[in-house]
Trainee: 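Here it is, the structure in full.
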Amino acid sequence: QQGRVKEALRAYKKALNDDPDSADIHRKMGRAHFDDGEYDKAVSELKKVLDMEGDDPKTLAMLGRSYAAKRDWGKSMEAYERALEMDEEDARIRVEFANALLKLNYSKRAVKEMKLATELAPNKAEAWVGLGTMNFRQGKLADAEANFNKAVELAPDYPDSYVGLAQIYGARKDSASQIKNLKKALAIDSKNAEAHMELGLALYTEKKGRDAIKRLQRALDLDPDLAKAAYYLGFAYFNQRQEGNALEAFEQAASIDPDYAEAHYQLGQIYEKQGKKDQAIAAYQAAVKAKSDYTDAVLALKKIAPDAS
C-alpha cells in the first residue's frame, strides 16, 4: 500500500503542474500525505483547499485528523468544531471531536459529545467503543462494560471492542478474561497495535517479562507513536536487568510524548543511578514541567539539586 501512496503522490504532483489551482487535486494530495505519514504536508495541502473553497466539513474533518496525528489537539479540536458547525449529524466527526476534547482534559464535554454520537448513530460500534473508553477513564467500569458489549453486539468483528473489554477485566484483576479478549482482538486483526500493547501490559503484570517485551516491541513496530507501549517496555527491560534498553525505551516514550511526565521521571532515576547528575536534573525538570504536582519528581529534583527550578 505504501508503494501505491507514493505513486499517487507523484501523479498528483504532476497534475498540479498542469493545474496548480485545482482544489480537488490539493485535497487528494492532502489525503495521500496523511496516508504516507507526512502530517505537516497534509495540513498544508488541506489548508490550501479551505483557502480556495471555503469551509467544507469533510476537508475540515481530514484537517482535524491530520492535527490529531501531530498531537496538536487544540487545532484538531478547532477543525472538528468547524466541521460540526456545518454538519452536526456526522457521528464519525463527533466521535473524533470528543477524542480531541478528552486529550485536552475537557472530560465532561467529551462524554457529552460521545453520548450524542451514539444517539446520532446508535448502530455504530465505534461510537459505543468511544463512550466506553471515556467511561472507563472516569472509573465507571459497569457503564464502560455495557458500552463495549453493545459494540460487540453491533459488530462482532470490531477488535477495539474486545480491547476495551480487556481493559475492564484488567482493572478488575481478572487476567484470564483480559488475555482472552485481547487474543480475540488479535484473531480479528493481527496488526492491531493497541491489542499487542495491552497484551504486553497484561503479561508484564503477570511477571512474564520476556513475553511482555516481545508484545510491547511488536506494538511499537506497528505504531511507533504509542508512548505508553515504549514506557512499559522500559519497565519490562529494567526488570530484566537490561538498563541500557530500558533507558532507550523511556527516551523513546518521552520523545513520542514530551508531556509524558512519568517517562521523564524514570529517565531521571536511571541517569541519577548512573551518576549523570546534569541529565538527571534535566529529566526531573521536564517531568515537573509536564506535571507540576508530580510529587515524586518534585522531591527528586529538590534532593539532587536544591537550588534548581
Side-chain angles (χ1 to χ4, degrees), residues 1 34-35 58 61-62 64-65 68-69 80 89-103 110-206 208 211-212 214-216 218-223 225-226 228-229 232:
Q1 183 174 346
F34 180 88
D35 291 339
K58 293 188 182 301
M62 192 70 228
R65 288 176 202 121
Y80 286 132
E89 295 191 3
D90 190 311
R92 180 186 177 187
I93 296 175
R94 199 164 292 277
V95 167
E96 294 171 351
F97 176 49
N99 285 328
L101 288 169
L102 190 63
K103 292 290 186 180
V111 171
K112 179 182 176 181
E113 293 293 338
M114 199 65 82
K115 284 181 178 177
L116 182 54
T118 63
E119 293 168 8
L120 290 169
N123 295 321
K124 191 177 181 66
E126 182 183 357
W128 288 103
V129 167
L131 183 57
T133 299
M134 292 184 181
N135 279 324
F136 174 75
R137 291 182 181 180
Q138 291 186 331
K140 299 177 181 178
L141 299 189
D143 289 343
E145 184 176 19
N147 299 148
F148 291 133
N149 279 324
K150 178 67 174 177
V152 170
E153 176 188 327
L154 291 169
D157 291 335
Y158 186 50
D160 291 2
S161 309
Y162 300 104
V163 174
L165 284 170
Q167 291 175 325
I168 298 286
Y169 288 120
R172 292 174 177 164
K173 310 299 182 185
D174 183 350
S175 60
S177 297
Q178 179 186 18
I179 291 172
K180 179 181 178 181
N181 276 278
L182 290 169
K183 287 184 176 179
K184 281 184 181 179
L186 289 169
I188 296 167
D189 179 8
S190 64
K191 294 185 178 180
N192 188 303
E194 188 89 9
H196 280 289
M197 179 183 73
E198 291 295 334
L199 186 52
L201 297 181
L203 292 167
Y204 174 78
T205 302
E206 291 284 292
K208 297 179 180 178
D211 291 334
K214 290 178 183 178
R215 288 292 180 175
L216 292 167
R218 177 61 174 153
L220 285 166
D221 290 341
L222 292 166
D223 184 353
D225 290 331
L226 280 177
K228 185 178 178 181
Y232 280 97

Trainee: Indicate the atoms forming the closest heavy-atom contact of Phe136 with Ala171, along with that distance.
Mentor: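 Taking Phe136 first and Ala171 second, the nearest heavy atoms are CE1-CB, 4.0 Å.
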Trainee: If every non-hydrogen atom of Tyr169 is compared with every non-hydrogen atom of Gln178, which pair is closest and at what distance?
Mentor: CB-N, 3.7 Å
Trainee: Heavy atoms, side chains only, cut-off 4.5 Å: are Leu199 and Arg218 in contact?
Mentor: no
Trainee: How long is the straight-line distance from CG of Asp221 back to CG of Leu226, given to the nearest 0.5 Å?
Mentor: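 With rounding to 0.5 Å, CG (Leu226) is 11.0 Å from CG (Asp221).
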Trainee: Do Phe148 and Asp160 come close enough that some side-chain heavy atom pair is under 4.5 Å?
Mentor: no
Trainee: Drop me the distance from Leu101's CG to Lys112's NZ, to the nearest 0.5 angstrom.
Mentor: 11.0 Å
Trainee: Is a donor on one side and an acceptor on the other found under 3.5 Å between the side chain of Tyr162 and the backbone of Pro156?
Mentor: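 Judged by distance alone, yes, a pair lies under 3.5 Å.
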Trainee: Closest heavy-atom contact between Glu206 and Ser175?
Mentor: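 Between these two residues, the closest heavy atoms are OE2-OG, 3.2 Å.
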Trainee: Is a side-chain N or O of Trp128 found less than 3.5 angstrom from the main chain of Pro122, in a donor-acceptor match?
Mentor: yes
Trainee: How far does CG of Leu203 sit from CG of Leu216, to the nearest 0.5 angstrom?
Mentor: 8.5 Å
Trainee: Measure the CG-CD distance between Leu102 and Glu113 for me, rounded to the nearest 0.5 Å.
Mentor: 12.5 Å
Trainee: Search all heavy atoms of Val129 against all heavy atoms of Ala151 and return the closest pair with its distance.
Mentor: CG2-CB, 3.6 Å
Trainee: With rounding to the nearest 0.5 angstrom, report the CG to NZ distance, Asp223 to Lys191.
Mentor: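 Asp223 atom CG to Lys191 atom NZ measures 13.5 Å (nearest 0.5 Å).
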Trainee: Does Tyr80 reach the main-chain N or O of Arg65 with its side chain, forming a donor-acceptor pair under 3.5 Å?
Mentor: yes
Trainee: Please find the pair of heavy atoms, one from Met197 and one from Ala219, that lie closest to each other, and give the distance.
Mentor: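 Closest heavy-atom pair between Met197 and Ala219: N-CB, 3.6 Å.
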Trainee: Evaluate the criterion salt bridge (charged side-chain N to carboxylate O under 4.0 Å, His left out) for residue pair Arg92 and Glu96; output intermediate values, then yes/no.
Mentor: CA-CA 6 Å; Arg92 180 186 177 187; Glu96 294 171 351; 3.1 Å; yes
Trainee: Hey, what do you get for CG (Asp143) to CD (Glu145), rounding to the nearest 0.5 Å?
Mentor: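 Spacing of CG (Asp143) from CD (Glu145) equals 10.0 Å.
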Trainee: Could you please spell out the steps behind the side chain to side chain contact (heavy atoms under 4.5 Å, CB included) verdict for Lys140 and Val111?
Mentor: CA-CA 12 Å; Lys140 299 177 181 178; Val111 171; 5.9 Å; no
Trainee: Considering non-hydrogen atoms only, spot the tightest contact between Glu194 and Val163 and give its length.
Mentor: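 In this case the closest contact between Glu194 and Val163 is CG-CG1, 3.8 Å.
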Trainee: Does any non-hydrogen side-chain atom of Leu154 lie less than 4.5 Å from one of Lys124?
Mentor: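 They are not in side-chain contact.
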Trainee: Please test Lys58 against Ile93 for side chain to side chain contact (heavy atoms under 4.5 Å, CB included), starting from the C-alpha separation and ending with a verdict.
Mentor: CA-CA 9 Å; Lys58 293 188 182 301; Ile93 296 175; over 6 Å; no
Trainee: Is there a donor-acceptor pair under 3.5 Å between the side chain of His196 and the backbone N or O of Lys214?
Mentor: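 Looks like no, no N/O pair under 3.5 Å.
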